[in-house]
**Q** 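I have a structure I would like to understand better, so I am pasting it below and will then ask my questions one at a time.
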Amino acid sequence: MNTKTKKIVALVPCHNEAEGVEKVVQGFFDEVKKNTGYSLEVIVIDNNSNDATAQVARDAGAIVIHEAKVGKGNAIRKGFESVPHDADYVVMIDGDNTYQSHELFRLIEPLSSRFCNVVIGSRLTGKISEGAMSSFNRFGNWMFSFLVRFFYNANVTDVLTGYFAWNYQALMRLHPHLVARDFGIEMDMVTKMAVLGESISCVPITYTYRSGVSNLHPVRDGIRILMVFVRNLFWKSDMSYVVFTPKLFKS
Ligand SMILES: Nc1nc2c(ncn2[C@@H]2O[C@H](COP(=O)(O)OP(=O)(O)OP(=O)(O)O)[C@@H](O)[C@H]2O)c(=O)[nH]1
Ligand SMILES: [Mg+2]
């Protein structure tokens, strides 16, 4: 029996999230304490915050690194570069406490049981608290998820979620290919994982009302996300072990 402790590394990209980040970090530590056989490192990527995000995160037990280039994509890609090589699982979550860090093992279990290599926390098949997501954003999320399922054959029900988990090797296969600098990062990740042929599963998660100020501009960011979706239809990778042709172009 393999009794080696498995190491989880949680990445939290933050731009002015002093209100939410403590609960996010604390929730991870509380959860890992309840589950023997796991260790945890939380890395907060502070992206030009001008509030107390870094201090609050450090006080809660996180390691804080900095990324000066604005944009969630830049922040999370800096986080991926900083994942220690002895990690077994890598989790990404937003710092605004809208996703529940105490649902961590819902995302880890399909990885630890080797059911799949990537787990996506799906809000649209989970629970969304009242007022947490506008009808416009809900429709946008649903539409983008539908398009990704249709054109990329990807097994996803919530492509723009902020809660992901990978086994370490799957993340290392993906990370060198990512280029999105802003809120296009989730679309970049999911579509490229689909092209790479990663096994992806979705689990239902809870999404709650935001603490702090939103950084998202639905129309501007929606257009950027659409551009990533279209651009990646033509993306190919030398590492891809699935010959990929967008469904639309199949004869
Ligand atoms: N916009 C933005 N967000 C960043 C940046 N760097 C990190 N983030 C983080 O990216 C995460 C997602 O941003 P949010 O503003 O919550 O966007 P959202 O979740 O799509 O939208 P809401 O429903 O309003 O919360 C948060 O944890 C941000 O702090 C940055 O430079 N710009
Ligand atoms: Mg948010």
Side-chain angles (χ1 to χ4, degrees), residues 10-28 42-58 60 62-82 90-101 103 120-124 126-145 158-164 178-190 205-226 228-229:
L11 302 174
V12 192
C14 286
H15 173 69
N16 291 338
E17 302 293 3
E19 276 188 52
V21 71
E22 181 185 7
K23 283 207 178 97
V24 175
V25 175
Q26 198 54 56
F28 281 134
V42 182
I43 301 177
V44 166
I45 308 104
D46 179 19
N47 201 197
N48 298 302
S49 299
N50 43 32
D51 66 0
T53 297
Q55 194 54 49
V56 171
R58 246 181 246 117
I63 295 166
V64 177
I65 60 173
H66 297 273
E67 170 55 69
K69 287 186 244 116
V70 290
K72 182 180 180 183
N74 285 323
I76 197 64
R77 288 194 289 121
K78 175 69 170 262
F80 291 155
E81 279 166 25
S82 314
V90 182
V91 175
M92 164 189 145
I93 194 170
D94 286 358
D96 57 359
N97 198 35
T98 47
Y99 299 85
Q100 312 301 302
S101 43
E103 293 180 342
I120 293 180
S122 171
R123 300 163 297 178
L124 299 185
K127 281 187 193 161
I128 301 175
S129 333
E130 211 183 316
M133 192 188 287
S134 68
S135 309
F136 183 81
N137 286 6
R138 195 186 283 243
F139 176 73
N141 285 328
W142 179 87
M143 183 50 92
F144 278 125
S145 302
D158 187 2
V159 71
L160 303 181
T161 179
Y163 209 174
F164 286 73
L178 297 174
V179 294
R181 289 171 294 190
D182 41 47
F183 284 119
I185 189 68
E186 287 89 1
M187 180 62 86
D188 202 22
M189 294 193 307
V190 173
I205 55 161
T206 310
Y207 188 65
T208 57
Y209 199 72
R210 199 190 198 300
S211 354
V213 180
S214 173
N215 297 291
L216 183 80
H217 300 267
V219 175
R220 183 199 68 191
D221 291 314
I223 291 168
R224 286 178 177 168
I225 292 164
L226 182 64
V228 176
F229 168 84

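Keep in mind it's a predicted model, so treat the numbers as computed, not measured. Counting starts at 1 for both ligands and their atoms, following the listed order. Every heavy atom of this structure was used, including side-chain atoms; hydrogens, water molecules and symmetry mates were not.
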**Q** For the side chain of S129 and the backbone of A132, is there at least one donor-acceptor N/O pair under 3.5 Å apart?
**A** no

**Q** Do any N/O atoms on A75 end up under 3.5 angstrom from N/O atoms on ligand 1?
**A** no

**Q** Answer whether the closest heavy-atom distance between the side chains of R123 and Y99 falls below 4.5 Å.
**A** yes

**Q** Give the numbers and elements of all ligand 1 atoms closer than 4.0 Å to a heavy atom of E17.
**A** 26 (C), 27 (O), 28 (C), 29 (O)

**Q** What atoms in ligand 1 come closer than 4.0 Å to a heavy atom of F183?
**A** 1 (N), 2 (C), 3 (N), 12 (C), 13 (O), 17 (O)

**Q** Just let me know how R210 lines up against ligand 1, side chain, backbone, both or neither, with a heavy-atom cut-off below 4.0 Å.
**A** side chain

**Q** Does ligand 1 have an atom under 4.0 Å from some heavy atom of T98?
**A** no

**Q** Walk me through whether L11 and V91 qualify under side-chain contact (heavy atoms from CB on, under 4.5 Å).
**A** CA-CA 6 Å; L11 302 174; V91 175; over 6 Å; no

**Q** For ligand 1, which atoms have a heavy atom of V70 less than 4.0 angstrom away?
**A** 31 (O)

**Q** Do S49 and E17 get their side chains close enough for a donor-acceptor pair, meaning under 3.5 Å?
**A** no

**Q** Would you say Y207 touches ligand 1, if touching means a heavy atom closer than 4.0 Å?
**A** yes

**Q** Apply salt bridge (Lys or Arg N to Asp or Glu O under 4.0 Å) to the pair E186 and K72, showing each step before the final yes or no.
**A** CA-CA 10 Å; E186 287 89 1; K72 182 180 180 183; 2.4 Å; yes

**Q** Check this for me - ligand 1, C14, N or O atoms closer than 3.5 angstrom, yes or no?
**A** no

**Q** With carbon and hydrogen excluded and only N/O/S kept, which atom of D96 is nearest the Mg ion (ligand 2)?
**A** OD2

**Q** With a cut-off of 6.0 Å (strictly less than), are more than 12 heavy atoms of other residues, nucleotides or ligands near CD of E22?
**A** no

**Q** Looking at ligand 1, would G162 count as a contact under a 4.0 Å heavy-atom criterion?
**A** no

**Q** For ligand 1, does Y209 get within less than 4.0 Å through its side chain, its backbone, both, or neither, judged by non-hydrogen atoms?
**A** neither

**Q** Would you mind telling me if ligand 1 is within reach of the side chain of H15, the backbone, both or neither, using heavy atoms under 4.0 Å?
**A** both

**Q** Would a distance-only check, ignoring hydrogens and angles, find a side-chain to backbone donor-acceptor pair under 3.5 Å from D46 to I65?
**A** no

**Q** Within the side chain of N74, is there an N or O that forms a donor-acceptor pair under 3.5 Å with the backbone of D182?
**A** no

**Q** Would N141 and D158 satisfy side-chain hydrogen bond (donor to acceptor under 3.5 Å, both in side chains), going step by step from the backbone distance to the final call?
**A** CA-CA 6 Å; N141 285 328; D158 187 2; 4.7 Å; no

**Q** Heavy-atom distances under 4.0 Å are what count here, so tell me which part of D94 touches ligand 1: side chain, backbone, both or neither.
**A** both

**Q** State the atoms of ligand 1, each with its element, that fall below the 4.0 Å cut-off from a heavy-atom position in G95.
**A** 27 (O)

